[in-house]
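Values below: every heavy atom of this structure, side chains too, minus hydrogens, waters and symmetry copies.
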Amino acid sequence: MIPQQFVHTIEEVDTVVIRFAGDSGDGMQLVGDQFTSTSALMGDDVATLPDYPSEIRAPAGTIGGVSGYQVCFGTSDVFTPGDSLDFLVAMNPAALRANMPFLKRGATIILNEDAFIARNVEKAGYTADPLTTDELANFRVLRVPMVKATQEALGAAGLSAKQVDRCKNFFALGLSYWLFNRDVKQTQRWIIKKFGNKPDVLEANQRAFEAGLQYGKDGKLVERTYATRAKVTPRGAGVYRQISGNTATAYGLLAAARRANLPLFLGSYPITPATDIMQVLQQNREFCNVLQAEDEIAGIGSAIGAAFGGALAATSTSGPGFSLKTEFINLAVMTELPLVIVDVQRAGPSTGLPTKTEQSDLLQALFGRHGESPLAVVSASSPRDCFDATIEAARIALKYMTPVVLLTDGYLGNGSEVWRVPELDELPVLKTHLVTNPEGFKPYTRDPETLARPWAAVGTPGLEHRIGGLEKEDGSGNISHSPANHQRMTDLRAAKIEKITQDIAPTEVYGDPNAPVLVLGWGSTRGVIEQAIGHLNKAGVPVAGAHLRHLNPLPPDLKALMQRYKRVLLPEINSGQLAYHLRGKYLIDIEQFNKVEGQPFRADEIEAKIRSMPEIKG
């Protein structure tokens, strides 16, 4: 133990990667979220990786029950939550064992030593207590009696032993704030707001938080703490906040409806990891209508009905729900109504790993319907980009009168970043094909620029028309069984989707302009690819990168761009779905780099793969 009188020094750092880990009931997600919010408010860039069990209540004290929250924070550009850990806060032996593979050599481990009793050590799969072996010899280990310290801080608080034990996460949070010189004011206010209606719990959490801060101040842990360096280039003017991908998606829908001057309707069913989108919109129901339907099919059915009624309509889901919605997606294609379908992808198939991430719904989004059923597919590349990608999906849906699939994933949806809140007039005005004049109206005539049909909201006088899943006659919209008409309507629906290419900007390429290798990405792989390429370029390794937002239709310049390089590398968190699609479309060979572990890529994995390529080594 460090003596009470000690010299406190502060070491400045650029970035830090820390993970809070414990049982799923230990409050690690809350601790991580508060630490991230405070860091963002202090001006740091942040990127997070919440990681928790797929089971609702996994067995306590086991590896399968470990819940973690990783955050990378600092004043330099932060693209990812970090490849490996500088600091680990482990609340029990299972949390330690589960995270050992992710620790840097020399990393600091803050242990709740009170949890290292024989029963817990055995449940974690250890044959011996790691605190008594040399297993942790390569790390700096700080042993803290968190349970005992929390009990002493709460004293006669009138709470049960179980309630007192639940407060130890706030002790860990307070200690972490001291260690990294975090501003405590925002969290102190949050505790009051969160627990204000439970005075006993409020006081207990406040005292535990303050006890963690004081434990550090008393010199019971280390003499040196850490602080992030001042930014070389300060943030631009504006309002900034921490935002998760799911919240950004919900806000994107609200903003799109406002810019289109339309009411917003969301028809959905709760499903991990997409439920937050519905919850955020429900919290903002003065600006939208939200229906929590009885199932996935009813959710999308209600959204199609809302689109027929003239609303910007959306539905949110994940892989299993996306499968259930398939027939109604086909109905939206046939009726040519604007609809945004948000798929927050998760590890499958079937129930799979509901809380883990994957990019494995791409082929389902492109082709997973019967018949010739084309629609637009776009993807988001970061938590904050979910806002812009959602607006783009809505823009396409309204301009081209088509359903649009927006692909995010669990990594993006649950992860968070710092986001500058845009002014409303910075966002594009979204034009629609709503009509009110009955003169010359035919429901399936076409706009020559977009091939979109007119949008006549149900109930508009003089614009009554038939709608449904049967094939429509070109122009009139009457039911038609004509073979020639079916061919024409099939071709028109496909041509309409291809028309979207006229709005797609040239593909941006970054990195070495003379590189022999192009690393192509889509969706949530952007951050790790950019980080890997930036690091390699600084080391003199010639490699370039490009990232796709539009997956159907693809950018019109993509084939020519790929042909400029000796080799194209495509990392995907699936078994090669976009690579399969691009090979078939362009007849260009692509080197796959795939990962299906329920975890996002790390930048060092991308970097190692690029370095191993003959075009780079040679």
Could you tell me whether the side chain of [X] and the main chain of [Y] form a donor-acceptor pair under 3.5 Å?
X: Glu607; Y: Ala532; answer: no
X: Lys123; Y: Ala60; answer: yes
X: Gln577; Y: Leu363; answer: yes
X: Glu392; Y: Val378; answer: no
X: Asn181; Y: Tyr226; answer: yes
X: Gln359; Y: Trp522; answer: yes
X: Asn246; Y: Asp276; answer: no
X: Arg567; Y: Pro516; answer: no
X: Thr36; Y: Gly32; answer: yes
X: Thr357; Y: Asp409; answer: no

Considering the options Arg19, Arg105, Lys104, which one meets the salt bridge (Lys or Arg N to Asp or Glu O under 4.0 Å) requirement together with Asp86?
Lys104
Rounded to the nearest 0.5 Å, how far apart are [atom1] of [X] and [atom2] of [Y]?
X: Leu253; Y: Leu406; atom1: CG; atom2: CG; value: 8.5 Å
X: Leu375; Y: Ile396; atom1: CG; atom2: CD1; value: 11.0 Å
X: Leu558; Y: Tyr586; atom1: CG; atom2: OH; value: 4.5 Å
X: Phe601; Y: Asn594; atom1: CZ; atom2: CG; value: 6.5 Å
X: Ser382; Y: Leu412; atom1: OG; atom2: CG; value: 7.0 Å
X: Lys559; Y: Ile588; atom1: NZ; atom2: CD1; value: 6.0 Å

Side chains of [X] and [Y] only: does a donor on one sit below 3.5 Å from an acceptor on the other?
X: Lys325; Y: Thr315; answer: yes
X: Glu296; Y: Thr317; answer: yes
X: Thr75; Y: Thr228; answer: no

Whether over 12 other heavy atoms sit under 6.0 Å from [X] [atom1]:
X: His581; atom1: NE2; value: yes
X: Glu11; atom1: CD; value: yes
X: Tyr269; atom1: OH; value: no
X: Lys194; atom1: NZ; value: no

[X] and [Y] ion-paired at < 4.0 Å:
X: Asp26; Y: Lys168; result: yes
X: Lys609; Y: Glu605; result: no
X: Asp385; Y: Arg549; result: yes
X: Arg346; Y: Asp361; result: no
X: Arg564; Y: Asp557; result: no

Indicate yes or no: at least one non-hydrogen side-chain atom of [X] is less than 4.5 angstrom from one of [Y].
X: Val89; Y: Met146; value: yes
X: Val344; Y: Val342; value: yes
X: Met28; Y: Asn169; value: yes
X: Leu179; Y: Ile110; value: yes

Using 30° and 60° as the class boundaries, would you call the ring planes of Tyr251 and Trp419 parallel, tilted or perpendicular?
tilted
If every non-hydrogen atom of Ala544 is compared with every non-hydrogen atom of Ala515, which pair is closest and at what distance?
N-CB, 3.5 Å
Could you check, using the six-membered ring where one of them is a Trp, whether Tyr69 and Phe35 have ring centers closer than 6.0 angstrom?
no
With sequence neighbours left out, what residues match His547 under side-chain contact (heavy atoms from CB on, under 4.5 Å)?
Ser381, Thr525, Arg526
